[in-house]
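A short write-up of the structure that comes next.
Because only heavy atoms are used, hydrogens play no part in the values below, and waters and symmetry mates are left out as well, while side chains stay in. Given the structure is predicted, the values throughout are model-derived calculations rather than measurements. Naming convention: chains lettered A, B, ... in sequence-line order (proteins, then strands); numbering from 1 in each chain.
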Protein chains: 2
Amino acid sequence: MVTECMAGRGAKCAVCPGRQSGLCAELPKALLARVAEASRIVECPANHRLWDEDVQPGFTAILWRGYLRMPRYSLEGRRQIVSIICPGEIVGEGVDTRPGYGMEAVTAVTFCRFERGEFRRLADREPELRRALLRQHMKRLEVLRWLTWSLGLQTPEERLCAFLARACETMPYQPLPDGSGILSLEVPRADVADLLGTTKETISRLTHRLQQIGLIEIRDPRHFRIFDRERLAKVGGLSPARPNSSERPGIAAVRRGLGASEGAAQRAARAALSGPSLPMSLPGGSAAVASS
Amino acid sequence: MVTECMAGRGAKCAVCPGRQSGLCAELPKALLARVAEASRIVECPANHRLWDEDVQPGFTAILWRGYLRMPRYSLEGRRQIVSIICPGEIVGEGVDTRPGYGMEAVTAVTFCRFERGEFRRLADREPELRRALLRQHMKRLEVLRWLTWSLGLQTPEERLCAFLARACETMPYQPLPDGSGILSLEVPRADVADLLGTTKETISRLTHRLQQIGLIEIRDPRHFRIFDRERLAKVGGLSPARPNSSERPGIAAVRRGLGASEGAAQRAARAALSGPSLPMSLPGGSAAVASS
DNA sequence: CGATTAATTGACCGACTTCAAGACATGTGG
DNA sequence: CCACATGTCTTGAAGTCGGTCAATTAATCG
């Protein structure tokens with residue numbers, strides 16, 4: 001199942017797609033070399049289980065390519081995906097060592113593998129690495145908080161919009177001259193559903209609804225044409241107003257924009273109006289205010 | 001609003017209720033003294049806002065007494081509480097510095113306050129503190145993951161049971177000779193509702209339903225008599241996680257035993273029947289299997 | 001190609017939200 | 001001590017979103 005690829009030690013990072021994002025992007029070159037030295041490259045196919053929910057992972061990894069999911073099951077056998085790990089992110093070190101959650105490859109993946117304790121030993125010696133690690137933890141926590149918030153008080157429709165908007169930053173997205181772009185959804189419907197706390201049926205219905213109202217176009221189940229990313233993000237409650245997003249945003253930009261929604265005062269004012277409607281309800285037919 | 005209490009430096013930890021739990025419990029005495037030296041004690045009343053959602057907190061704190069909540073609002077003004085902080089926990093350092101989330105006192109609180117950077121400087125010098133801090137982060141992440149999972153695929157009823165079971169560990173709980181005990185719910189209904197992603201009405205209805213079936217008894221809105229913690233935990237689905245020892249007594253026991261009422265095996269069997277029912281649905285009227 | 005899996009679409013219905021009003025406690029001032 | 005206000009909690013009735021079940025179509029792969 002697991003193939004080890006013995007690329008030349010030095011060449012590793014040069015060809016790593018994750019080099020520019022996530023943890024590695026934050027490290028100075030000398031340190032990066034030392035980190036690379038301690039690891040080896042591994043790849044495994046889609047749906048491979050990196051570790052089971054009741055087993056402590058014996059290693060740490062930095063994801064090169066592909067996507068991981070972190071599921072937890074209910075007693076009835078239903079599944080909630082607690083996070084999707086994207087290229088450049090680190091897994092297993094400190095954050096993911098609690099039982100109850102497995103780790104599986106959504107797609108075929110390639111990653112840098114550090115044996116047990118290796119990474120921690122490095123971090124103990126290198127303050128720079130430690131700080132980068134802490135920032136990674138914060139990002140993970142941040143994303144998880146967003147998901148919690150979203151599951152708590154957004155509709156599936158809003159969640160899907162938010163998901164798609166973020167996918168434009170974290171998954172293959174090819175901009176077209178007219179401002180739209182093609183998003184390759186690397187994650188199957190079922191996984192999206194289980195991440196967003198809904199069902200595949202609902203996901204299907206919603207994507208088609210978004211198509212009806214002209215937000216997206218479904219070319220095939222895995223490829224959407226996105227017409228208006230900002231509007232998607234807005235419906236998804238990500239960030240009402242983005243200051244100056246230069247093109248080619250990069251992951252960091254999303255994360256930053258994520259929390260910076262609006263001031264407390266503004267929010268309080270709106271709440272005081274007692275208007276219970278969605279800020280940008282979709283014509284399609286979600287609750288919205290409609291009647292009155 | 002904020003009262004500073006100038007207790008004698010040395011005496012601080014001796015009288016701190018949080019001394020035995022959370023971060024401080026993990027530190028060696030000498031280090032603890034150094035940590036205490038760097039802080040001062042502050043208290044503030046219920047509903048005081050420690051910081052706003054769009055403001056970076058200028059300090060770090062270890063909670064002595066009382067409870068904090070971490071809310072995030074939707075655009076319509078609805079609120080999701082992303083975490084409840086209990087005595088002994090640390091806030092503001094690294095984990096809570098992202099915008100979008102405020103921090104408010106649920107009850108009157110007392111805490112150890114470290115000025116900006118003070119704590120981080122300490123952690124940079126003290127590996128022990130760093131490790132303890134990391135463990136704290138993991139716990140926070142763990143709880144948040146549980147909440148995410150719960151919001152994703154538990155019913156409000158199950159969530160409430162889980163919440164009550166955990167409250168028996170984190171809030172004043174007085175055991176009675178007959179095996180039951182009195183739980184003082186320090187958190188108002190509205191906060192519980194916003195934590196569990198439901199409404200105060202539903203919380204009210206559910207507590208009364210739990211009373212009807214004899215799981216709890218409502219003495220007054222803030223005090224419940226808990227008859228069977230294990231069963232509560234089970235209904236709440238709290239078993240899969242935390243085989244980790246060294247936890248406070250009680251919750252670890254959930255995994256064993258479970259009495260004659262119903263075992264996991266039985267439940268699994270039911271699930272296998274493709275019965276879509278709740279694992280321990282209550283007579284009150286939740287789904288149940290019924291038809292077939 | 002047939003066979004298996006993924007995605008779609010439709011019909012049904014029930015748990016929860018919403019809206020609204022009443023009960024209950026607590027506090028304030030006259 | 002009562003009247004009144006305020007806030008928390010409770011209870012009822014109605015409406016609906018989204019889950020479940022089921023059946024069809026599309027994609028994928030030996």
Integer-rounded Å distance: C:dT8 C1' and A:Arg189 CZ
9 Å
Verify the contact: side-chain N or O of B:Thr199 to OP1 or OP2 of C:dC16, cut-off strictly under 4.0 Å; return yes or no.
no
Looking only at non-hydrogen atoms, find the nearest pair between A:Glu158 and A:Leu153 and report the distance.
OE1-O, 4.5 Å
Heavy atoms from C-beta onward define the side chain here; which of D:dT10, D:dG19, C:dA7 lies closest to that of B:Ser204?
D:dT10
Side-chain contact check for A:Glu201: nearest option of D:dC9, C:dT17, D:dA22 is D:dA22
Just how far, in rounded Å, is P of D:dT8 from CG of B:Asp194?
12 Å
How long is the line joining NZ of A:Lys200 and P of C:dT5, in whole Å?
13 Å
Less than 4.0 angstrom between a side-chain N/O of B:Thr202 and OP1 or OP2 of C:dT17, yes or no?
yes
Could you tell me how far apart B:Asp220 (CG) and C:dT26 (P) are, to the nearest whole angstrom?
9 Å
Which heavy-atom pair separates B:Ala46 from B:Val106 by the least distance, and what is that distance?
CB-O, 3.6 Å
Rounded distance in Å - CG (B:Leu206) to C1' (D:dC9):
14 Å
In whole angstrom, what separates A:Glu157's CD from D:dT16's P?
16 Å
So which nucleotide from C:dA11, C:dT18, D:dT10 ends up closest to the side chain of B:Arg78?
C:dT18
From CD1 of B:Ile218 across to P of C:dC24 the rounded distance in Å is 14 Å
C:dA7 phosphate, OP1 or OP2, under 4.0 Å from A:Arg205 side-chain N/O
no
Nearest-Å distance, CG (A:Leu160) to P (D:dG18)?
12 Å
What's the closest nucleotide to the A:Arg222 side chain, out of C:dA7, D:dG19, D:dG18?
C:dA7
Is NZ or CZ of A:Arg79 both nearer than 6.0 Å to the six-membered ring centre of B:Trp149 and within 45° of the ring axis?
no
Taking the basic N atoms (NZ, or NE/NH1/NH2) and the acidic carboxylate oxygens, is any pair closer than 4.0 Å for A:Asp178 and A:Arg225?
yes
Between B:Tyr101 and B:Arg72, do the side chains contain a donor N or O and an acceptor N or O under 3.5 Å apart?
yes
